[in-house]
Amino acid sequence: MSWLRPLGQTGLTVSALGLGTVKLGRNEGVKYPAQFTLPDDSAARSLLSLARELGINLIDTAPAYGSSEERLGELLAGHREDWIICTKVGEEFDAGQSRFDFTPEHTRYSVERSLARLRCDHLDVVLVHSDGNDMDIVTRMGTLEALADLKREGKLRSFGLSGKTVEGGLAALPQCDLLMVTYNLSERDQVPLLDACAAQGKGALIKKALASGHLDNLPKGDDGGDLDPVTASMELVFGHPGTTAAVIGTITPDHLTSNVEAARKALAD
Ligand SMILES: NC(=O)c1ccc[n+]([C@@H]2O[C@H](COP(=O)([O-])OP(=O)(O)OC[C@H]3O[C@@H](n4cnc5c(N)ncnc54)[C@H](OP(=O)(O)O)[C@@H]3O)[C@@H](O)[C@H]2O)c1
């Protein structure tokens with residue numbers, strides 16, 4: 001399988017690994033195994049350059065990731081065309097607290113604000129950042145309809161749901177270009193969404209492929225346990241034909257390099 005792949009039928013081409021950027025903008029209220037400080041601008045710039053050198057063109061952010069969008073706006077200035085930018089709508093994070101707003105009005109406001117923060121005239125991918133009430137969002141809130149309008153207006157190229165339930169993902173899929181799906185060695189319950197994306201030719205981005213860094217007690221891979229947890233995770237994620245790309249969050253350059261190596265190997269197998 002190739003490193004660069006079509007994101008469903010969006011016309012966008014993304015690298016098999018994307019860079020998640022929670023850790024560029026927020027270090028409170030997160031579920032990573034260890035405390036960390038946000039990288040300074042010089043470290044963040046080096047990380048982004050390394051990602052590009054390694055062949056990564058997909059970057060994932062969100063309004064709920066603290067200063068991530070604003071920082072990327074500055075850090076990617078002059079290099080916007082090198083990246084496929086994915087951001088989200090629906091979750092806000094202020095003063096250490098998440099709150100959610102899925103109304104069409106807020107959706108439009110949020111997309112306009114992301115355009116300003118990221119300093120661009122269009123967003124490549126916008127995902128609904130679900131609070132878990134996926135069915136409510138899909139059937140009652142009008143969020144996906146608002147995103148469809150914004151797509152028609154040229155403000156975004158594609159949209160989908162980053163949800164928490166299989167039922168919600170399946171309900172959203174007919175209206176969406178892609179889904180963001182949790183899939184790792186200890187959380188496999190969203191596999192039906194990957195199956196559906198594969199069957200319908202839709203894009204599927206994986207979140208938490210490395211179980212948010214909780215690698216110590218992961219169940220063994222399908223090989224029976226000979227592989228290290230990162231390699232086993234990549235084999236799992238890229239072993240499913242529905243996977244377009246895995247968005248992995250890292251601020252450690254060595255991890256970025258070894259993740260790309262493991263992903264390329266899994267794709268070659
Ligand atoms: N609801 C949503 O839409 C949603 C929810 C969660 C995540 N996401 C997106 O998906 C991305 C990934 O999710 P995630 O960050 O929760 O989980 P993840 O990618 O599974 O794991 C990230 C954690 O794993 C560590 N890590 C990365 N590579 C490693 C390696 N080779 N060896 C050891 N540890 C390694 C990172 O630490 P280092 O920094 O030290 O490498 C980081 O703490 C996020 O950044 C975000 O963009 C979206």
Side-chain angles (χ1 to χ4, degrees), residues 14 17-27 29-39 43-44 46-47 50-51 54 56 58-66 68-69 71-72 83-93 98 100 102 125-134 137 159-165 168-169 172 178-187 190 193 204-218 227-234 236-237 243-266:
V14 297
L17 276 200
L19 182 64
T21 63
V22 179
K23 292 177 89 172
L24 285 189
R26 169 172 158 191
N27 58 5
V30 287
K31 294 177 184 156
Y32 297 113
Q35 298 270 353
F36 60 96
T37 48
L38 302 183
S46 303
L47 189 78
L50 176 63
L54 292 167
I56 291 175
L58 173 65
I59 194 154
D60 181 70
T61 181
Y65 298 167
S68 172
E69 280 189 328
R71 294 195 75 190
L72 288 177
W83 294 92
I84 301 294
I85 299 181
C86 173
T87 190
K88 312 200 181 70
V89 294
E91 181 175 353
E92 300 286 322
F93 186 78
S98 279
F100 295 88
F102 300 103
V125 183
V126 177
L127 300 171
V128 183
H129 212 161
S130 172
D131 59 355
N133 296 307
D134 294 353
I137 294 168
F159 66 92
L161 177 72
S162 180
K164 300 197 182 183
T165 65
L178 74 156
L179 297 177
M180 185 176 246
V181 171
T182 298
Y183 187 37
N184 61 52
L185 287 167
S186 56
E187 294 171 282
Q190 292 190 14
L193 295 179
L205 300 180
I206 307 298
K207 59 188 169 187
K208 307 184 191 176
L210 298 181
S212 297
H214 298 275
L215 296 170
D216 285 349
N217 297 313
L218 279 182
L227 300 175
D228 70 89
V230 170
T231 304
S233 300
M234 298 295 181
L236 176 80
V237 163
T243 298
T244 307
V247 172
I248 297 193
T250 181
I251 51 171
T252 305
D254 285 352
H255 287 168
L256 186 58
T257 304
S258 55
N259 292 344
V260 169
E261 205 173 293
R264 286 189 184 274
K265 184 170 174 306

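We count ligands from 1, going down the list as the structure has it; atoms in each ligand are counted the same way. No hydrogens, no waters, no symmetry mates; every other heavy atom, side chains included, goes into these values.
With Gly213, Ala262, Ser258 as candidates, the residue nearest to atom 24 (O) of ligand 1 on a non-hydrogen basis is Gly213. Across Leu256, Asp254, Val247, heavy-atom proximity to atom 11 (C) of ligand 1 is greatest for Val247. Taking each of Thr252, Thr231, Leu19, Asp228 in turn, the one with a heavy atom nearest to atom 38 (P) of ligand 1 proves to be Thr252. Distances from atom 8 (N) of ligand 1 to the heavy atoms of Tyr183, Tyr65, Tyr32 put Tyr65 nearest. Of all the listed residues (Arg26, Lys207, Lys23), Lys207 holds the heavy atom that lies closest to atom 10 (O) of ligand 1. Closest heavy-atom approach to atom 17 (O) of ligand 1 among the candidates Ser162, Ala64, Ser212: Ser212.
Under 4.0 angstrom from ligand 1, the non-hydrogen atoms of Ala209 all belong to its backbone. Under 4.0 angstrom from ligand 1, the non-hydrogen atoms of Ala211 all belong to its backbone.
Exactly one residue among Lys207, His129, Glu91 makes a side-chain hydrogen bond (donor to acceptor under 3.5 Å, both in side chains) with Ser162. That residue is Lys207.
Looking at Asp60 and Lys88, a side-chain N of the basic residue comes within less than 4.0 Å of a carboxylate O on the acidic one, giving a salt bridge.
Every atom of ligand 1 is numbered from 1 in the order shown, and the set under 4.0 Å from a heavy atom of Val22 is 44 (C), 45 (O), 46 (C). Listed by number with element, the atoms of ligand 1 under 4.0 Å from a non-hydrogen atom of Thr21 are 45 (O), 47 (O). Atoms of ligand 1 found under 4.0 Å from any heavy atom of Leu215 (numbered from 1 in listed order, with element): 32 (N), 33 (C), 34 (N). Atom numbering of ligand 1 starts at 1 in the shown order; those under 4.0 Å from a heavy atom of His129 are 1 (N), 2 (C), 3 (O). Distances below 4.0 Å separate heavy atoms of Leu210 from the following atoms of ligand 1: 20 (O), 27 (C), 28 (N), 29 (C).
Between Ile251 and ligand 1, a contact under 3.5 Å exists for at least one N or O pair. In terms of polar-atom proximity, defined here as any N/O pair under 3.5 Å, Gly249 does make such a contact with ligand 1.
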